[in-house]
A.B. asks: 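Below is the structure I would like to discuss, written out as structure tokens.
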There are 2 protein chains.
Amino acid sequence: MSTPARPALRADAERNRERVTAAARLMFAEHGLGVPLEDVARQAGVGVATLYRRFPTREDLVAAAYEDGMTAYADAVAAALDDPDSWRGFCDLLERLCAMQAADRGLAEALTTAFPGARALEAQRDRAYHGLVELVSRAKVAGRLRRDFVPEDVTVLLAAAAGVASAPPAWRRLLAYLLQAFAVPGTTPETAPLPEPPARGALLRGMTR
Amino acid sequence: MSTPARPALRADAERNRERVTAAARLMFAEHGLGVPLEDVARQAGVGVATLYRRFPTREDLVAAAYEDGMTAYADAVAAALDDPDSWRGFCDLLERLCAMQAADRGLAEALTTAFPGARALEAQRDRAYHGLVELVSRAKVAGRLRRDFVPEDVTVLLAAAAGVASAPPAWRRLLAYLLQAFAVPGTTPETAPLPEPPARGALLRGMTR
DNA sequence: ACCTAAGTGGAGAGTGTCCTCCACATGTAT
DNA sequence: ATACATGTGGAGGACACTCTCCACTTAGGT
């Protein structure tokens, strides 16, 4: 039941299927979800037809490629809940989620996309969501997270971090600022030094891309 | 000398040129800088050849379309410098810049792109940059902006805001959090209510796009 | 009114990606 | 060993976008 309703492929076909998802993870991470599927097939060492047979739409492939990624996401939330210090768990979690996004361009895009047909993936998404709601609640009860914070603010943060992902150190600095704003005043050392700012001259001067 | 080195077009050609830049502003604002140039030409009511004759590369067109936008940007900075309260000027400025970006998808993209050949545009960019450096300095001297703030943080903010621009109220909330983090603790009413959070359920649930 | 340099639009070549079809290959059950 | 369902790759049609060429049109000076 690890892969519920898939009709049992021939051994070589199953092998190819996995090669394709592995290649997709690689290519999506580097080039985003819009990468040409022909490139993915080439990377996997199979013909395009094989890719399309297994994954009729791009969404199918993305969902298959990021089932694990979403699970890792939910696991990170679960791990944060295990921290006896809920505020520290909250801060560490946001750091980890941002780091995961920064390391995988496709993941950042996949997180803001719904996959109606991908049950396993959506189940992990729900698990992450509910864990996060609980974590937010605990951090508020502990008096460390401001009362008007809402779990949706995490979405905002992740989308914002995705926007600056190009410049590696930038998201750390953004996160540091935001964590300070999320904290209840006076409960956190406000004097902690900020992470290194982005490279001089980047401002309004073009990041080329 | 408003348009220094352009070789004087025939009246109808000049008219068409302006129709094209106007159409480009419209299309870029709505669909981003990647919009098909055929669509821009159709919107302008001219053939593609006319567009390409005046603007050999996409960059040329983008630069022409956003010369005004960049000027508006620099003007906003200048206006902020006129505010006797530098901190209020700073806050209002960030609000305005974010609002401009949110209203014009192309502008947000153009700001993070260099246009080596577009002198007028780059001049405005410089004007904005230098004004901003001055404003940041004043707000620090006034004791309202934290000392470890750097002008490049504005870039980070703008890139972050661009990342959440899809959900209209989200950038306001992000900005509110960040302004609180930028302020020197104790100098600003930390109890001001946050702007309305983004719609419930957006979290990790897909913004479709 | 006429002439010509300047300007125009649409057709079409070039390119890249999506997706399907089908002749051929290969696992697997007997 | 044989047979056949299952699986494969590459060729190629469809489409979208970029950019150029050229026969025709028009502004504006004489």
Side-chain angles (χ1 to χ4, degrees), chain A residues 3 5-65 105-106 109-110 113 115 117 209, chain B residues 3 5-65 105-106 109-110 113 115 117 209:
Chain A
T3 46
R6 192 132 39 77
L9 297 176
R10 223 167 67 179
D12 56 340
E14 181 61 37
R15 204 160 43 235
N16 277 339
R17 201 192 115 92
E18 265 150 36
R19 287 223 244 157
V20 169
T21 54
R25 272 188 290 271
L26 214 67
M27 300 299 276
F28 287 157
E30 189 165 357
H31 305 287
L33 301 185
V35 74
L37 295 185
E38 290 189 332
D39 293 358
V40 176
R42 192 172 332 108
Q43 170 75 29
V46 304
V48 272
T50 298
L51 187 155
Y52 279 105
R53 194 174 317 108
R54 268 346 133 206
F55 307 100
T57 73
R58 181 181 294 266
E59 267 206 2
D60 293 330
L61 179 57
V62 173
R105 190 171 147 192
E109 294 173 29
T113 311
F115 299 96
R209 94 171 69 183
Chain B
T3 46
R6 192 129 41 76
L9 297 175
R10 221 168 69 180
D12 56 340
E14 182 60 36
R15 204 159 46 234
N16 277 339
R17 188 185 189 279
E18 265 149 37
R19 287 223 244 157
V20 170
T21 56
R25 273 188 288 273
L26 214 67
M27 299 300 273
F28 288 157
E30 188 165 358
H31 305 288
L33 301 185
V35 75
L37 295 184
E38 289 187 330
D39 294 357
V40 175
R42 192 170 332 108
Q43 169 75 31
V46 305
V48 273
T50 298
L51 186 154
Y52 279 103
R53 194 173 318 108
R54 268 347 133 204
F55 307 100
T57 72
R58 183 181 294 265
E59 267 205 2
D60 293 331
L61 179 56
V62 172
R105 191 172 146 191
E109 294 172 31
T113 311
F115 299 95
R209 90 174 71 181

A.B. asks: Could you please name the option among C:dT28, D:dA27, C:dC18 that lies closest to any side-chain atom of A:Arg58?
C.D. replies: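 Among C:dT28, D:dA27, C:dC18, the one nearest the side chain of A:Arg58 is C:dC18.
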A.B. asks: Starting from C1' on C:dG9, measure out to CZ on B:Arg19 and report it in whole angstrom.
C.D. replies: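 Computing the B:Arg19:CZ to C:dG9:C1' distance gives 13 Å.
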A.B. asks: Please report, rounded to the nearest Å, how far the P atom of C:dT8 is from the CZ atom of B:Arg15.
C.D. replies: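 Distance, rounded to whole Å: 10 Å.
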A.B. asks: Select one nucleotide: of D:dG10, D:dG9, D:dC17, the one nearest the side-chain heavy atoms of A:Thr50.
C.D. replies: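 Taking heavy atoms from C-beta onward, the closest nucleotide is D:dG9.
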A.B. asks: Scan A:Arg54 against the nucleic acid and name what it touches under 4.0 Å (heavy atoms): base, sugar-phosphate only, or nothing.
C.D. replies: sugar-phosphate
A.B. asks: Using only heavy-atom distances, decide whether a donor-acceptor pair under 3.5 angstrom links the side-chain of A:Arg10 to the base of C:dT26.
C.D. replies: yes
A.B. asks: Of the listed nucleotides (C:dG7, C:dT26, C:dC18), which one gets closest to any side-chain atom of B:Leu9?
C.D. replies: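 That would be C:dG7.
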A.B. asks: Using OP1 and OP2 only, check whether a side-chain N or O of A:Asn16 sits under 4.0 Å from D:dG7.
C.D. replies: no
A.B. asks: Over how many whole Å does the gap from B:Tyr52 atom OH to C:dG10 atom P extend?
C.D. replies: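 Taking OH of B:Tyr52 and P of C:dG10, I get 15 Å after rounding.
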A.B. asks: For B:Glu30, I'd like to know if atom CD has over 12 heavy atoms of other residues, nucleotides or ligands within 6.0 Å.
C.D. replies: no
A.B. asks: Which nucleotide sits closest to the side chain of B:Pro36: C:dG9, D:dC17, D:dT8?
C.D. replies: D:dC17
A.B. asks: Could you state the CD-C1' distance from B:Glu38 to D:dA16, rounded to the nearest angstrom?
C.D. replies: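 In whole Å, D:dA16 C1' lies 8 Å from B:Glu38 CD.
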A.B. asks: Whole Å only: how far is the CG atom of A:Leu61 from the P atom of C:dC19?
C.D. replies: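 In whole Å, C:dC19 P and A:Leu61 CG are 12 Å from each other.
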A.B. asks: Quick one: which of C:dT17, C:dG7, D:dA11 gets closest to the side chain of A:Val48?
C.D. replies: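 For the A:Val48 side chain, the nearest candidate turns out to be D:dA11.
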A.B. asks: Is there a donor-acceptor contact under 3.5 Å from the side chain of B:Arg58 to the main chain of B:Leu33?
C.D. replies: yes
A.B. asks: Just how far, in rounded Å, is P of D:dG29 from CG of B:Asp12?
C.D. replies: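 These atoms are roughly 13 Å apart.
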A.B. asks: On DNA chain D, nearest-nucleotide positions of B:Gly34 versus B:Ala11: which is more 5'?
C.D. replies: B:Gly34
A.B. asks: Should B:Arg42 and B:Glu38 count as an ion pair when the cut-off is N to O under 4.0 Å?
C.D. replies: no
A.B. asks: Hey, does A:Leu9 have a side-chain heavy atom less than 4.5 Å from the side chain of A:Arg54?
C.D. replies: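 Yes, side chains in contact.
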A.B. asks: Closest approach of B:Phe115 and B:Ala110, non-hydrogen atoms and distance?
C.D. replies: CE1-O, 3.5 Å
A.B. asks: Does a side-chain N or O from B:Arg53 land closer than 4.0 Å to OP1 or OP2 of C:dT8, or not?
C.D. replies: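 Yes, such a contact exists.
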A.B. asks: Nearest whole Å is fine: how far is D:dC15 P from B:Asp39 CG?
C.D. replies: 17 Å
A.B. asks: So if I take every side-chain heavy atom of B:Ala13 and compare against C:dT20, C:dT8, D:dC17, which nucleotide ends up nearest?
C.D. replies: C:dT8
A.B. asks: Between D:dT18, C:dT8, C:dG9, which nucleotide has the shortest distance from any of its atoms to the side chain of B:Ala49?
C.D. replies: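 The listed nucleotide nearest to B:Ala49's side chain is C:dG9.
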A.B. asks: Taking CZ from B:Phe55 and P from D:dT18, how many angstroms apart are they, rounded to a whole number?
C.D. replies: 16 Å
